[in-house]
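Computed from a predicted model, the values in this text were never measured in an experiment.
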Amino acid sequence: GVHTKNHVVSGSLISSQSYKVKLSKLDTMAFSPRSTTLLLFLGCLCIRSGRASEGFPKLVSKSTSRLPMSLSSVINDLEAEGAAQVARACLVTSRGVTHKRREEILRSIFGIDEFDLTAFGTKAEHADGGLAIAYLNSEDSASDVASTVMACGGTVVFVPSSVDLSRGEGLFDTLAAAMERLLASGTKSALIVLAADVESARHQLQAAASFVLPNLIQPKGRRSAQVLEDVFETVDYVSGYNEVAEKLKATKGCEPSEAADAVDATVDLFAPSAMPSLSNKDLAAARTLGPAARSALESATNKVQEVLKASPLIRNFGDLCDATVNRAMQDVNFSALSSARAKQLKLQLQDELYSELGGICDDQLDLLRLASFDAFKKSLSGLRVSPNLAKDMDEVVRKSITEFHKDAKTIIAKGAKTWSTTPAKTSFALKLHEFCSDRLLVARASGQYKPFPRKGVTVGLHWLLPKPFGNDFRQEPWMVHAIDNMVYVPADKVTNITPDEVKDGDWRDKVIPSPSSREMVYSQ
């Protein structure tokens with residue numbers, strides 16, 4: 001200890017992994033209170049600097065390029081920093097996670113304050129391994145999400161929103177495409193789910209997955225996936241940021257070259273690492289086809305963009321894409337490959353071509369929705385304000401939706417497997433109904449629209465009298481005489497009871513006895 005006149009500093013050894021301050025020789029020395037305070041301050045600095053050098057991960061690389069290609073530069077930077085092993089993971093959130101919540105997740109788990117990025121790498125100062133993280137946004141396409149998850153080896157950190165969990169919606173908007181690719185490739189890795197209530201999140205996420213998994217395209221000859229454990233090797237639910245960091249720290253890494261090859265395999269259809277079973281002849285042919293395929297992808301996109309410059313909205317956009325893809329496929333010579341391999345690569349190239357054109361298809365549907373909405377408003381302007389205005393507007397809405405669905409079909413290419421008009425049709429219909437509701441409210445508030453008054457509702461009641469014509473003598477034989485005293489139709493059509501009859505009790509003979517019974521036999 002450090003002994004002073006008025007103070008005692010306990011703990012003769014302040015140590016860390018890199019710094020040691022020994023105070024054993026100061027036992028007999030006396031210090032003033034000011035000197036003691038200074039010594040304590042220096043000791044705290046040593047402790048803090050020692051903790052900083054223990055190996056806390058720091059940001060060593062970042063990229064804002066498109067995924068999954070941006071992972072390549074991150075992996076190269078980690079290798080340059082001395083990382084012998086690189087672990088990869090993909091950060092995915094549900095649709096309801098806000099931008100502020102995303103920033104909190106990045107700051108709390110990885111300790112970074114830069115959010116305008118698509119991939120980044122962290123590495124501790126004295127560690128041999130690094131961590132490459134792909135940061136997916138809700139705007140990324142399904143193809144990019146699936147490719148990125150494959151480039152990360154299938155390891156996914158999933159952060160669902162509590163609102164999405166309670167509703168069972170928006171959970172697998174981006175994750176479904178990745179799970180479909182994992183099932184097709186047979187890759188199994190880890191899924192880490194971060195949620196505040198672990199047990200509730202487990203139940204709600206599995207319930208939502210039970211509806212999504214049966215609708216995915218799954219490979220034939222295998223048992224169909226029904227739960228998340230059929231897609232991922234391990235599914236861990238955690239509630240704290242530190243737990244996520246520990247799970248990622250325990251993730252098994254690989255050499256940087258192997259990680260880079262995995263990224264190249266998802267980007268380049270003809271990368272050798274993506275086709276390990278090729279023969280030497282097919283491998284050499286695939287290497288030569290790579291540049292041709294990339295050139296075909298670029299030329300197909302450029303041709304479509306040139307046509308769009310003349311007319312932003314193309315009604316037969318689907319036919320244009322089919323013709324462009326067919327022309328691009330003809331520009332690539334697959335004859336050097338075996339028939340089976342050539343067929344496989346043709347299908348892969350075709351899917352990539354349609355995937356690249358899928359973003360333009362979404363833009364075309366948006367333009368079609370705007371044009372159809374303008375035509376809808378023009379049709380509404382021709383309606384006459386009358387008590388039947390609501391029905392007339394509903395009829396215009398129905399015709400506009402039908403016309404939009406018919407035009408939207410021409411936007412979808414016949415060879416595209418993932419293009420769909422359902423989201424556009426749904427949003428268009430909601431927009432029309434909301435617009436009509438607002439216009440009706442405005443017309444009613446201004447006094448121009450007065451609907452017909454509602455008609456009255458007629459209600460008819462029908463019932464069965466237990467004993468309309470007498471008593472069941474088997475149940476109450478003593479009341480058989482009531483049939484002789486019962487008044488069926490009085491002369492005045494109304495059965496009246498006078499006050500005198502009430503006093504004498506004669507009125508009781510005019511009341512039909514009605515004992516209750518499940519099985520009744522009536523007699524007269």
### Summary
Taking every heavy atom of G82 against every heavy atom of K123, the minimum-distance pair comes out as C-CE, 3.9 Å

### Message
If we ignore hydrogens and angles and just use 3.5 Å, is the side chain of T324 paired with the main-chain N or O of A300 as donor and acceptor?
### Response
no

### Min side-chain heavy-atom separation V325-D322 under 4.5 Å
no

#### Entry: E255, CD atom: more than 12 neighbouring heavy atoms under 6.0 Å
no

### Considering all heavy atoms, the nearest I412-C361 contact
CD1-SG, 3.9 Å

### Task
Salt-bridge test for E104 and R101: reply yes if a basic N is under 4.0 Å from a carboxylate O, no otherwise.
yes

### Query
Are more than 12 heavy atoms from other residues, nucleotides or ligands located less than 6.0 Å from atom CG of N242?
no

### Minimal non-hydrogen separation, L117 against T64, with atom names
CA-CG2, 4.0 Å

### Task
With rounding to the nearest 0.5 Å, note down the distance linking CD in E169 to CG in D164.
8.0 Å

#### Entry: Heavy-atom side-chain proximity of V74 to V86 below 4.5 angstrom
no

### Full working for side chain to side chain contact (heavy atoms under 4.5 Å, CB included) between M179 and F232
CA-CA 9 Å; M179 293 192 300; F232 299 93; 4.1 Å; yes

### Task
Find the distance between CG (L171) and OG1 (T93) and round it off to the nearest 0.5 Å.
11.0 Å

### Task
Give a yes or no answer on whether the side chain of S166 reaches the backbone of V163 with a donor-acceptor pair at less than 3.5 Å.
yes

### Query
Can C90 and L136 be said to form a side chain to side chain contact (heavy atoms under 4.5 Å, CB included), step by step?
CA-CA 7 Å; C90 183; L136 287 168; 3.1 Å; yes

### Query
Does any non-hydrogen side-chain atom of V212 lie less than 4.5 Å from one of L175?
no

### Message
Between S311 (side chain only) and L308 (backbone N and O only), is there a donor and an acceptor less than 3.5 Å apart?
### Response
no

### Summary
Here the pair of heavy atoms bringing G415 nearest to Q350 is O-NE2, 4.0 Å

### Query
Is there a side-chain contact between V304 and F317, using heavy atoms and a 4.5 Å cut-off?
yes

### Message
Testing the basics here: between G168 and A208, what is the closest heavy-atom pair and its distance to 0.1 Å?
### Response
O-CB, 4.4 Å

### Heavy-atom side-chain contact between P256 and L78 under 4.5 Å
no

#### Entry: Separation of H405 NE2 from F428 CZ (nearest 0.5 Å)
12.5 Å

### Message
For the CH2 atom of W419 and the OG atom of S355, what is their distance to the nearest 0.5 Å?
### Response
9.5 Å

### Message
So, taking the atom named SG in C321 and the one named CD in E356, what distance separates them when rounded to the nearest 0.5 Å?
### Response
12.0 Å

### Query
How many angstroms lie between CD1 in I411 and CD1 in I360, if you round to the nearest 0.5 Å?
12.0 Å

### Task
Determine the sole option in T148, I75, L67 for which the side-chain contact (heavy atoms from CB on, under 4.5 Å) test with V263 is passed.
I75

### Message
If you define the side chain from C-beta out and look only at heavy atoms, does anything of T251 sit under 4.5 Å from K247?
### Response
no

#### Entry: Salt-bridge contact E199-R202 (side-chain N to carboxylate O under 4.0 Å)
yes

### Query
Given E103 and K100, is the salt bridge (Lys or Arg N to Asp or Glu O under 4.0 Å) satisfied, shown in steps?
CA-CA 5 Å; E103 294 180 356; K100 184 177 181 181; over 6 Å; no

### Query
Going by heavy atoms in the side chains, are F373 and L432 under 4.5 Å from each other?
yes

### Query
Do you know which two heavy atoms are closest between S73 and S70, and how far apart they sit?
OG-O, 3.0 Å

### Query
What residue pairs, at least two apart or across chains, pass side-chain hydrogen bond (donor to acceptor under 3.5 Å, both in side chains) with a residue in residues 76-92?
S61-D77

### Message
Tell me whether S210 contacts the main-chain N or O of A207 through its side chain, where contact means a donor paired with an acceptor under 3.5 Å.
### Response
yes

### Task
Compare all side-chain heavy atoms of F404 with those of L368 and state whether any distance is below 4.5 angstrom.
yes

### Query
Checking S108 side chain against I105 main chain: does a donor-acceptor pair fall under 3.5 Å?
no

### Message
Would L353 and M329 count as a side chain to side chain contact (heavy atoms under 4.5 Å, CB included) here? Give the steps.
### Response
CA-CA 9 Å; L353 286 169; M329 296 291 291; 4.0 Å; yes

### Message
Below 30° counts as parallel, above 60° as perpendicular, anything between as tilted: where do the rings of F158 and F172 land?
### Response
parallel

### Task
Mind running side chain to side chain contact (heavy atoms under 4.5 Å, CB included) on V244 and V159 for me, showing each step along the way?
CA-CA 11 Å; V244 177; V159 185; over 6 Å; no

### Query
Got a sec: does the CZ of R327 have more than 12 other heavy atoms crowding it under 6.0 Å?
no

### Query
For D197, does its backbone N or O pair with a side-chain atom of S239 as donor and acceptor, under 3.5 Å?
no

